[in-house]
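Notes follow the structure.
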2 protein chains.
Amino acid sequence: MATRKRSTTTAKGKERLDIRTVATAAGVSVATVSRVMNKVPTVDPQLSKRVWATVKKLGYIPNTQARALVSGRSKLLGVIISDITNPFFPELIQGFEDKAIDVGYETLIGSTNYDLQRMEHCVQRMLERQVEGVAVMTFGIEEPLLERLSSEGIPMVFIDVAPRKKNISVIHVNYDQGIREAVQHLAALGHRRIGFITGPPRLHSANARLNAFLSATERVGIRVPEMCIFHGDHTAEGGSRGVEHLLSIKQPPTAIMCSNDMSALGAMHAISRAGLSIPADISLIGFDDIQLTEYVLPPLTTIRMSGRDIAASAVYALLNPGIAPKQVETNLVVRQTTGVPSKQTPGSKPAARKSADKA
Amino acid sequence: MATRKRSTTTAKGKERLDIRTVATAAGVSVATVSRVMNKVPTVDPQLSKRVWATVKKLGYIPNTQARALVSGRSKLLGVIISDITNPFFPELIQGFEDKAIDVGYETLIGSTNYDLQRMEHCVQRMLERQVEGVAVMTFGIEEPLLERLSSEGIPMVFIDVAPRKKNISVIHVNYDQGIREAVQHLAALGHRRIGFITGPPRLHSANARLNAFLSATERVGIRVPEMCIFHGDHTAEGGSRGVEHLLSIKQPPTAIMCSNDMSALGAMHAISRAGLSIPADISLIGFDDIQLTEYVLPPLTTIRMSGRDIAASAVYALLNPGIAPKQVETNLVVRQTTGVPSKQTPGSKPAARKSADKA
DNA sequence: GTGAAAGCGCTAACAA
DNA sequence: TTGTTAGCGCTTTCAC
């Protein structure tokens, strides 16, 4: 019995709806149908019309797997992120997917959670599916495991910093712009003592933000003593500790900038726990502009780094490996956590430091 | 010239790393390699070892496209959501992806944004990629366009309510449980006047929540006058309007429950704008337990509906079309927006109704 | 401009 | 248990 031989599958069941069926129905060859589906311009318009009609009538939908196999183009893009709990990523991913779909691609998402095993599995999945490009949006490099992708010649794009290979491009984020705006905003309000809560030092983005802060303050003539810089970790918890530290020094800052919004959120909590209010007693600025910031009370003044912009730039970079992707800008979004500094020193205010942990 | 004929591709360039290369290198047939890769048990352990060694050494990674084409199994699952701005979905999607990867599947995400065009495109994409199942997580049905998926016999899973077809299953959410807990919690604190801000009436989930509220209040002997129910739309804006309405009635409620967290967030803002404080003047409870709720001030008491649970249930349902997926529970998460009712009527408190729109 | 036919890399009969 | 081989549905030469 000739098992899977097409010609013998002539049972009564309706024919599988493949390109051959369409070709037969339209009275043309499969090649023509293929050309029509792929909008090859050399097809006779008449024929094309007839084929399209048949396609519509039959409801034919081409099989992407087969297409990918023969053409070698999977129409798949991968995006690898590190920490899925970071609320910055949803916007990034969503922007990436949208953009990818716009250009006819599907997205494979992988999150590594800073775990080598997971990263490995991630890369394996991408390779198996023959992705045509991978955006490594981890804000920190885990180079070694990406070697395979690179050696396979698959286009890759990183943020801020990347291995120098010819199939790899880098999206530069202009941290300075937004941070300078923020510092100027604070200075204009009259703040002279500004604290900074950093991110984890292994993250290039975190260091870049700190440096931007340092040079922006210098530019406006504000001195930032060592102890006004707290080394956090981009978590709310770190932000809370940062505030506790900053309020404990002799001359506490009247404004605090944070390396990301999560830290700022933690900072808000700590500030309110300390019995101080924002922005009356202390001003606060975050970084990222994640969705949350609009909804906290008071809404957080922050520096916007558009996940969609980064995503768009990434998709573009992957599809145009030669061309340098364009820089992503950042800018201040003034909401309600910044105001003129209070006359009295924030830390000196008498406050029940441990009031509201459990209402 | 025999163009793509394998045998003539004997140029100097390193051979394409396909199953044949591995077979040759390991001194076995492609069938054996295939069996080894697929862990077919009837392979001689010795041989299997040898093949694995070769695979490792060469770094062979099978081509999923080819596999999918011949086996008819794409190892792809689709998930369709409606409103991507709804912060409930990230957890859902992420849970879905994780679960899918666990069982060896990749995920295709589509968001319709309540747009028919987009829904159509979405379904088309899923069909093209030959997904093996689709989770329709829209909390509201857009039946007609899904017809094709259904008629193709592709397993589907819906939330709450679905067309009755044999390849379609439904995940039931137990809204009653969490809502009853919330109402009892409020009642135990001494609240007798509880307001409710609903979601859009076309959403089954929204209606179910309202009904659950109504029966829960009845059960504890609390009467809910018509005007204590405000018809919102699951947006922060709707929540704000809800509060404005509820505070304007003669006997304003001392506690408000919202059909989702976004409404509750909007409600928080409106309450604070009205010069009232939470929970001293008014208690508030949300629904969903999106990530934001932990970070607002004060942290929101809400009813948790686990996106991960729903996701897990959905993946399970798609892979086991026969079996009914298990129900998803909801439960109260007490944070800091609920407390004993204030002695005075909230609405009567003298307050600058329009104070803080711009700090 | 159109068609015939050769495979893309793999799995699954079937034969051995 | 292992190998041979036919095709999965499609694109793409190449010849007409």
Side-chain angles (χ1 to χ4, degrees), chain A residues 1-9 15-51 55 58 60-75 127-130 132 152, chain B residues 1-10 15-51 55 58 60-75 127-130 132:
Chain A
M1 176 201 308
T3 59
R4 286 151 76 208
K5 196 153 191 147
R6 220 185 329 277
S7 37
T8 60
T9 316
E15 287 288 327
R16 191 102 84 276
L17 189 45
D18 57 15
I19 201 175
R20 221 164 301 113
T21 317
V22 176
T24 310
V28 297
S29 72
V30 293
T32 299
V33 178
S34 173
R35 290 188 188 105
V36 170
M37 297 303 290
N38 293 293
K39 310 201 197 314
V40 172
T42 61
V43 185
D44 181 279
Q46 291 271 271
L47 257 193
S48 178
K49 239 177 34 215
R50 205 165 82 215
V51 172
V55 166
L58 268 40
Y60 169 65
I61 291 178
N63 179 330
T64 310
Q65 326 272 13
R67 253 217 262 237
L69 181 57
V70 62
S71 70
R73 318 209 52 213
S74 65
K75 290 289 193 171
L127 254 10
E128 283 179 353
R129 299 266 174 189
Q130 322 280 122
E132 293 178 40
E152 211 90 353
Chain B
M1 180 199 308
T3 58
R4 286 150 78 208
K5 196 153 192 149
R6 219 183 332 276
S7 37
T8 59
T9 316
T10 356
E15 287 287 326
R16 192 98 88 276
L17 190 45
D18 58 15
I19 200 175
R20 221 164 301 111
T21 317
V22 176
T24 310
V28 297
S29 73
V30 294
T32 300
V33 177
S34 174
R35 291 187 187 105
V36 170
M37 297 304 289
N38 292 293
K39 309 202 196 318
V40 173
T42 61
V43 186
D44 180 278
Q46 290 272 270
L47 255 194
S48 177
K49 248 202 355 230
R50 204 166 84 215
V51 172
V55 166
L58 267 41
Y60 169 66
I61 291 178
N63 180 329
T64 311
Q65 326 272 14
R67 253 213 263 239
L69 180 57
V70 61
S71 70
R73 318 209 53 214
S74 66
K75 291 289 195 171
L127 253 10
E128 284 179 352
R129 299 267 175 189
Q130 321 281 124
E132 294 178 40

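Set against C/dG9, C/dA5, C/dG1, the side chain of A/Asp44 has C/dG1 as its closest nucleotide. You'll find that the side chain of B/Asp18 is closest to C/dG9, out of D/dT12, C/dG9, D/dG3. Taking every side-chain heavy atom of A/Asn38 into account, D/dT11 is the closest of D/dT11, C/dT2, C/dG9. Relative to the side chain of B/Ala66, the nucleotides D/dT11, C/dT2, C/dC10 differ in distance, and C/dC10 lies closest. Nearest to the side chain of A/Arg35, among D/dG9, D/dT4, C/dG3, sits C/dG3. Here D/dG3 is the nucleotide among D/dG3, C/dT11, C/dT2 with the atom lying nearest to any side-chain atom of B/Thr32. Candidate nucleotides D/dG9, C/dG9, C/dT2 were compared by shortest atom distance to the side chain of A/Leu47, and C/dT2 ranks first. For B/Thr42, the side-chain atoms get nearest to D/dT2 when compared with the rest of D/dT2, C/dT11, C/dT2. Counting only heavy atoms from C-beta on, A/Ala31 has its side chain closest to D/dT12 among D/dT12, D/dC10, C/dA12.
Side chain of B/Ser48 to backbone of B/Val36: no donor-acceptor contact under 3.5 angstrom is found.
The nearest whole Å value for the distance from the CG atom in A/Leu17 to the C1' atom in D/dC8 is 15 Å. A straight line from CZ of B/Arg67 to P of C/dC10 spans 8 Å, rounded to a whole angstrom. Residue B/Arg20 contributes atom CZ, which lies 13 Å from atom C1' of C/dT11 at whole-angstrom precision. D/dT1 atom C1' lies 18 Å from atom NZ of B/Lys49, rounded to whole Å. Atom-to-atom, CG of A/Asn63 to C1' of D/dC8 comes out at 8 Å; the value is rounded to the nearest Å. The CZ-C1' distance, from B/Arg50 to D/dT1, rounds to 13 Å in whole Å. Rounding to whole angstrom units, CD of residue A/Gln65 and C1' of D/dG9 are separated by 10 Å. B/Gln46 has its CD atom 10 Å from the P atom of D/dT2, to the nearest Å.
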Worksheet entry | CA sep, side-chain torsions, deciding dist, call: A/Thr21, A/Thr24, side chain to side chain donor-acceptor pair (under 3.5 Å) | CA-CA 5 Å; A/Thr21 317; A/Thr24 310; over 6 Å; no
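Taking CZ of B/Arg20 as the reference point, atom CG of B/Asp18 lies at 5.0 Å (rounded to 0.5 Å). Rounded to the nearest 0.5 Å, atoms CZ (B/Arg67) and CG (A/Leu69) are 13.0 Å apart.
Between B/Ile61 and A/Val28, the residue anchored nearer the 5' end of DNA chain C, judged by the nucleotide with its closest heavy atom, is A/Val28. Nearest-nucleotide mapping onto DNA chain C: of B/Ile19 and A/Ser29, the residue sitting toward the 5' end is A/Ser29.
With contacts defined as side-chain heavy-atom distances shorter than 4.5 Å, the pair B/Ser34/B/Asn38 qualifies.
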